[in-house]
Amino acid sequence: MSNRIRVALSGSGFRLGAHLGALQAIVDAGYEVVELAGTSGGSIVSAMFAGGMKLADMHELCMQMDWSPMMRFSPWAVVRHQSLCTGNALQAFLEQSTHGKTFVDSAIDLKIIAADLLTEREFLFSRQTTPNVPIAMAARASASIPIVFPPVACAGALLVDGGTCDNVPASDLTVDDVPRLGIYLVSDDTALRPGNYGLRTLAPRIIDLMLAANEAAHVELDTRSGATIVRVPTGYASSFDRNMPLDIRRRLYDDGYAATKAALSALEISRAGV
């Protein structure tokens, strides 16, 4: 396979199907993913892919899986960790999905982004910085939504959701002649009418609002550096919907595929014209 590409997957919550559609479009276009960076939900997809899971198996899992056990409320977690969930179920799932591989074991140059509460800086898991850390632990740290999951202590850091510092990690991809593609799931939610709303409705909007401030700046810098950012509108799906209807899952997958296919076609035309 001669066409190589570097890919970054943004935070996604449970809208993981859009990232799977994007990866399938990349493979179908004849590209080999040689480097993969992921944040939060994107880190889960990146970890499974780098861990050796086939896209067909990932698709089947994404279309069927109920993620509710991953976010089950635990009084013990509240008392022990000051969080709503322990994160143990998510950790176990990731360990099984990645076959216990570490970063040095991965055939792909994998990078996972988390945020370090001790330094208030981005923390990068990679083959160079954390070679012997399990991929599962890195993804668990990157997906640790504050308050929902307890922070993860690892490599001298105290880590939470990577989306709090870099939700579209295209800037962590190697800059060279190989094209860089950032898959950005845009939360283009419809405005709500004034009224009383519960946490189920407001929580994902609060998170999207917090992320929006740094997303625009990161995306602009990534674009200036030559990365192609693929915007996938996903406002019709809630990032907190742990057991989405099948039609929404399929729509996310199809939209991720279509947006990425169009971006790759434009990229090929641009490169041919150079």
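What you are looking at is a predicted structure, and each value in this text was computed from that prediction instead of being measured.
- At distances below 3.5 Å, not a single donor-acceptor pair connects side-chain atoms of S142 with backbone N or O atoms of A139.
- Note that OG of S10 and CD1 of I113 are 11.5 Å apart. Values are rounded to the nearest 0.5 Å.
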Item to check | Derivation and outcome, side chain to side chain donor-acceptor pair (under 3.5 Å), residues D161 and S144 | outcome: CA-CA 5 Å; D161 198 304; S144 292; over 6 Å; no
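- Inter-residue side-chain proximity for L90 and F149 is flagged as met; some heavy-atom pair is nearer than 4.5 Å.
- Note that the CE atom of M48 and the CG atom of L20 stand 6.0 Å from one another [nearest 0.5 Å].
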Checklist entry - D254 and R250: salt bridge (Lys or Arg N to Asp or Glu O under 4.0 Å), yes or no, with the steps? => result CA-CA 6 Å; D254 291 343; R250 287 173 173 166; over 6 Å; no
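- T234 places a side-chain N or O within donor-acceptor distance of the main-chain N or O of V186, the cut-off being under 3.5 Å.
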Side-chain polar contacts of residues 128-136 - donor-acceptor pairs under 3.5 angstrom, sequence neighbours left out - could you list them?
from, atom 1, to, atom 2, distance (Å)
T129, OG1, L124, O, 2.8
T129, OG1, S126, N, 3.1
T129, OG1, S126, OG, 2.9
T130, OG1, S126, N, 3.1
T130, OG1, S126, O, 3.2

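- Side-chain N/O atoms of D116 and T119 include a donor and acceptor closer than 3.5 Å.
- How far CG of L61 is from OG of S97: 6.5 Å, rounded to the nearest 0.5 Å.
- Between P150 and T86, the closest side-chain pair of non-hydrogen atoms is not below 4.5 Å.
- For the pair D172/E122, a side-chain contact is recorded, criterion being any heavy-atom separation below 4.5 Å from C-beta on.
- Inter-residue side-chain proximity for L159 and F125 is flagged as met; some heavy-atom pair is nearer than 4.5 Å.
- D28 and Y257 share a donor-acceptor pair across their side chains, judged by distance under 3.5 Å alone.
- Applying the salt bridge (charged side-chain N to carboxylate O under 4.0 Å, His left out) test to E35 and every residue at least two apart in sequence or in another chain returns R6, K111.
- Side-chain atoms of R140 do not come within 3.5 Å of backbone N or O of N88 as any donor-acceptor pair.
- Rounded to the nearest 0.5 angstrom, M58 CE and L16 CG are separated by 8.5 Å.
- Side chains of T39 and V168 form no contact here, defined as non-hydrogen atoms less than 4.5 Å apart.
- Residue pairs meeting the side chain to side chain donor-acceptor pair (under 3.5 Å) criterion with at least one partner in residues 148-158, sequence neighbours excluded, are absent.
- Cluster membership check: L264 does not share its hydrophobic cluster with V34, using side-chain heavy-atom separations under 4.5 Å among Ile, Leu, Val, Met, Phe, Trp and Tyr.
- D66 pairs by the salt bridge (charged side-chain N to carboxylate O under 4.0 Å, His left out) definition with nothing, not counting sequence neighbours.
- Listed by first then second residue, pairs satisfying side chain to side chain donor-acceptor pair (under 3.5 Å) with a partner in residues 222-232 read R180-S225, E220-R224, not counting sequence neighbours.
- Both M53 and M65 are part of a single hydrophobic cluster, where members link through side-chain heavy atoms under 4.5 Å apart.
- Remark: R249 pairs with no residue by the salt bridge (charged side-chain N to carboxylate O under 4.0 Å, His left out) rule, at least two apart or across chains.
- Put simply, I183 and L23 are part of the same group of oily side chains (I, L, V, M, F, W, Y) that touch within less than 4.5 Å, one to the next.
- Contact check for F103 versus I108: no side-chain heavy atoms found under the 4.5 Å cut-off.
- Under the side chain to side chain donor-acceptor pair (under 3.5 Å) test applied with R15, the options S239, S187, S238 reduce to a single match, S187.
- The shortest side-chain heavy-atom distance between V33 and F49 falls under the 4.5 Å cut-off.
- D255 places no side-chain N or O within 3.5 Å of a backbone atom of L252 that could act as its donor or acceptor partner.
- Here CH2 of W67 is found 10.5 Å from CE of M244. Values are rounded to the nearest 0.5 Å.
- One finds the NE2 atom of H59 at 10.0 Å from the CD atom of Q64 (value rounded to the nearest 0.5 Å).
- At a threshold of 4.5 Å between non-hydrogen side-chain atoms, the residues V27 and L55 count as touching.
- Here the side chain of H19 pairs no donor or acceptor atom with the backbone of G41 at under 3.5 angstrom.
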